[in-house]
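Okay, structure first, notes after.
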Amino acid sequence: MSLVEIKVPDIGDFDSVPVIELFVKVGDSIKVDDAICTLESDKATMDVPSSAAGVVKEVLVAVGDKVGEGAVLLKIEAAASVGAASAANTAAAAPAAAKAAPAAAPAAASHGGSVDAEYDMVVLGAGPGGYSAAFRAADLGLKTAIIERYATLGGVCLNVGCIPSKALLHVAAVIEEAEHVGAAGIGFAKPSVDVDALRKHKDGVIGKLTGGLAGMAKARKVDVIRGYGNFLDPHHIEVEETTGSGWDTTGAKKVVKFKNCIIAAGSAAVHLPFIPKDPRIVDSTGALELRQVPGKMLVIGGGIIGLEMATVYSTLGTRLDVVEMMDGLMQGPDRDAVKVWEKQNAHRFDKIMLKTKTVGVEAKDDGIYVTFEGDGAPAEPVKYDMVLQSAGRSPNGNKISADKAGVVVGERGFIPVDAQMRTNVPHIFAIGDIVGQPMLAHKAVHEAHVAAEVAAGHKAAFDATVIPGVAYTHPEVAWVGYTEAQAKAEGKKVETAKFPWAASGRAIANGADYGFTKLIFDAETHRVIGGTIVGPSAGDMIGEVCLAIEMGADTVDIGKTIHPHPTLGETVGMAAEVAHGSCTDLPPMRKK
Ligand code: FAD
């Protein structure tokens, strides 16, 4: 046994980030990848995972302390053989808040009044997490209801998130493809954009999906209770009926009693406090309403949501500036992939202001005037026709009176849960955006199934090794598991194999020879622990790398799997061949 220091890994360009939550204390036994604490920068929160297993002997930080890369958080008495034990989990891959509740539980209230309806299972919120949980619970025989304040099921993802953004991104891709085939001798007239018809098309896509969900709820006999829910105690929720867009209430109230409850109340866009209310200043929901195509737009925040919306508006004719506090756009994937994206997208932007903050916004008759500070800041305020705030999302944990049910809510509104998605109150579960990063629909759905199955008495737990991320920009950027940067930061012995799409027949035929597929694998076992793909349909292809990681496949397994030719998907197989030196679609490789 020896004392091992657990340090803050590479967290980007921040050297003084506050600790907002601490999950361990002296005497705790921790495993590799257990979250030690949550750090919160101006842009994001991140959990710091432990790089070793053992017993905590000393905690060197407290909530409120500011730390940077290399700061020692803990000293632990390490178990002898933990060094090689880490799976392909990543800080971004494991649900950040999937930890048992560390804080003291609030004293629960007790409802002595009347009850209007009673269920085995009540799900609060009907996003991808909520409806999946409710449907699974009903399929397992539980009498189930969903409480949802919006008129339709589907939550953020279907109504104002994943689906409408992809409907618009598809149209943008078609416009761009039509331009590209000009080089192949096919000419189209400049597209005319009918914004009203495009909005209708997008709404039609949403309607198809949300209508389908309503039908599936009915078929499963899941009751949908329209309204805003607040806990009254650990077994009752009061629902205040909502109308219209979901914010107005009719005054009618109902009390619903439950044996089990799943909180799936999601998250909301962060609004910077100093930004005034003005119809020309929107968040992602406002941007998806597509009220106008502005001449010049500022995107505050260079994350995925902002860049996807920027892609749509720019293809429709808007000139873009983007301001980002970090030193690069699209945090998450390796920089080599982002570089490819940047090169393909340079034409969209007038200014990319990195390491720069928005410090003032003034709405005037002739435009929105924005003042910046930092490395890329212009000296004078800049005038915009529209400003998109996409500075992140915050969980809705503090908006549902969880304390009355005795449920612990963390400082920032995330609800801590264990691997079975239980809160500190054993019959109340929580899933989706409200339990932690990454805030993604596919994570919510998996957690939903676990919670419903556990509530129905099944043995289930959330034990996914990795959760993929995709930017559905043009080109797409998709990554899963370890990035090269993360492996390096953790001192992990890895090798990488990259297949450039310049050697893919299909990519060349499709005009996408700029892309690449990269696998990251353990240097000793050759098991795949990560992958990054940049190019059209990267998001569709990353699933193969996810499966490889979950199945413990090595590069030979992937390379010896026959992929169809000619496809972009075969680049995954070819990257695996690069890994073991057998790729015949590239010049001979140097002998090691
Ligand atoms: P939500 O979808 O947020 O649903 C929560 C629901 O609960 C809402 O319908 C809300 O009205 C309801 N609710 C909240 N409180 C109450 C209450 N007290 N009473 C009644 N109802 C309540 N993720 C991806 O994986 N892929 C993507 O491509 C993608 N694109 C996105 C694009 C945009 C523009 C945005 C904003 C998000 C995107 N996301 C994407 C993220 C994704 O939408 C979320 O991760 C996902 O919706 C989370 O699901 P959820 O079930 O946790 O919560």
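Counting starts at 1 for both ligands and their atoms, in listed order. Sequential numbering from 1 along the given sequence is applied to the chain's residues.
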So how far is it from Asp321 CG to Ile300 CD1, rounded to the nearest 0.5 Å?
-> 11.0 Å
Min over Gly227, Ala265, Gly125 of heavy-atom distance to atom 20 (C) of ligand 1 lands on Gly227
In terms of atom number and element, which parts of ligand 1 are under 4.0 angstrom from non-hydrogen atoms of Ala126?
-> 6 (C), 7 (O)
Classify the contact between Arg393 and ligand 1 as side chain, backbone, both or neither, using a heavy-atom distance cut-off of under 4.0 Å.
-> side chain
Options Gly306, Cys162, Gly469, ranked by nearest heavy atom to atom 39 (N) of ligand 1, top entry = Cys162
Give the numbers and elements of all ligand 1 atoms closer than 4.0 Å to a heavy atom of Ser284.
-> 34 (C), 36 (C)
Purely on distance, is any nitrogen or oxygen of Leu288 under 3.5 Å from one on ligand 1?
-> no
Could you check atom 1 (P) of ligand 1 against the protein and tell me its nearest heavy-atom contact, residue, atom and distance included?
-> Val156 N, 3.8 Å
For ligand 1, which part of Ser267 has a heavy atom less than 4.0 Å away: the side chain, the backbone, both, or neither?
-> backbone
Contact partition for Ala448 relative to ligand 1, non-hydrogen atoms under 4.0 Å = neither
Measure up the His427 and Phe258 rings against each other and bin them: parallel (under 30°), tilted (30 to 60°), perpendicular (over 60°).
-> tilted
Apply the side chain to side chain contact (heavy atoms under 4.5 Å, CB included) test between Ile263 and each candidate in Ile431, Ile434, Val435, Ile237; give the one that qualifies.
-> Ile434
Please state which part of Asp433 comes within less than 4.0 Å of ligand 1, counting heavy atoms only: side chain, backbone, both or neither.
-> both
Report the part of Ala264 in contact with ligand 1, treating N, CA, C, O as backbone and CB onward as side chain, heavy atoms under 4.0 Å; options are side chain, backbone, both, neither.
-> backbone
Mind checking the CG-CG spacing from Asp433 to Asn396? Nearest 0.5 Å is all I need.
-> 8.5 Å
Exactly one of Thr311, Thr315, Thr473 clears side-chain hydrogen bond (donor to acceptor under 3.5 Å, both in side chains) with Arg348, and that residue is Thr315
Residue Gly129 vicinity, atoms of ligand 1 by number, heavy atom under 4.0 Å | 51 (O)
If you measure from each non-hydrogen atom of Leu124 to ligand 1, which part falls under 4.0 Å: side chain, backbone, both or neither?
-> side chain
Nearest protein heavy atom with distance in Å, relative to atom 16 (C) of ligand 1 | Tyr228 CE1, 3.9 Å
Atoms of ligand 1 under 4.0 Å from any heavy atom of Tyr150, numbered from 1 in the order shown, are 9 (O), 11 (O)
Pair Thr152, Asn159: side-chain N/O donor-acceptor within cut-off below 3.5 Å = yes
Any idea which protein heavy atom is nearest atom 33 (C) of ligand 1, and the distance to it?
-> Gly161 CA, 3.4 Å
Counting each atom of ligand 1 from 1 as listed, which ones have a heavy atom of Met439 under 4.0 Å away?
-> 41 (C), 45 (O)
Atom 25 (O) of ligand 1 has as its nearest protein heavy atom Ala441 N, 2.8 Å
Nitrogen or oxygen of Glu148 less than 3.5 angstrom from that of ligand 1 | yes
What protein heavy atom sits nearest atom 37 (C) of ligand 1, and how far off is it?
-> Ile305 CD1, 3.8 Å
Where ligand 1 meets Cys157 - atom numbers and elements under 4.0 angstrom, heavy-atom basis = 2 (O), 43 (O), 47 (O)
Here the atoms of ligand 1 under 4.0 Å from any heavy atom belonging to His442 are 25 (O)
Can you name the one residue among Ile281, Asp385, Leu298 that meets side chain to side chain contact (heavy atoms under 4.5 Å, CB included) with Ile368?
-> Ile281
Is Gly229 close to ligand 1, meaning an N/O of one under 3.5 Å from an N/O of the other?
-> yes
Test Val545 against Val572 for side-chain contact (heavy atoms from CB on, under 4.5 Å), laying out the working first.
-> CA-CA 8 Å; Val545 185; Val572 178; 4.2 Å; yes
Would you mind finding which of Pro128, Ala287, Ala268 brings a heavy atom closest to atom 46 (C) of ligand 1?
-> Pro128
Show the numbers, then the answer: is there a side-chain contact (heavy atoms from CB on, under 4.5 Å) between Thr517 and Met541?
-> CA-CA 10 Å; Thr517 299; Met541 289 187 282; 5.5 Å; no
Passing option when Asp283 is tested against Gln389, His271, Arg393 for side-chain hydrogen bond (donor to acceptor under 3.5 Å, both in side chains) = His271
Which of the ligand 1 atoms, numbered from 1, are nearer than 4.0 Å to a heavy atom of Gly127 | 2 (O), 4 (O), 6 (C), 51 (O)
Which bit of Lys166 gets closer than 4.0 Å to ligand 1, counting heavy atoms only: side chain, backbone, both or neither?
-> side chain
Result of checking Leu142, Ile225, Thr144 against Tyr119 for side chain to side chain contact (heavy atoms under 4.5 Å, CB included) | Ile225
Could you go step by step and tell me if Arg136 and Glu453 meet the salt bridge (Lys or Arg N to Asp or Glu O under 4.0 Å) rule?
-> CA-CA 7 Å; Arg136 187 81 186 108; Glu453 286 162 15; 2.7 Å; yes
Would you check the N or O atoms of Arg149, main chain and side chain alike, for any that come under 3.5 Å of an N or O of ligand 1?
-> yes
To the nearest 0.1 Å, how far is atom 53 (O) of ligand 1 from its closest protein heavy atom, and which atom is that?
-> Gly266 CA, 3.3 Å
Check Ile400 against ligand 1 and report side chain, backbone, both or neither, counting heavy atoms closer than 4.0 Å.
-> side chain
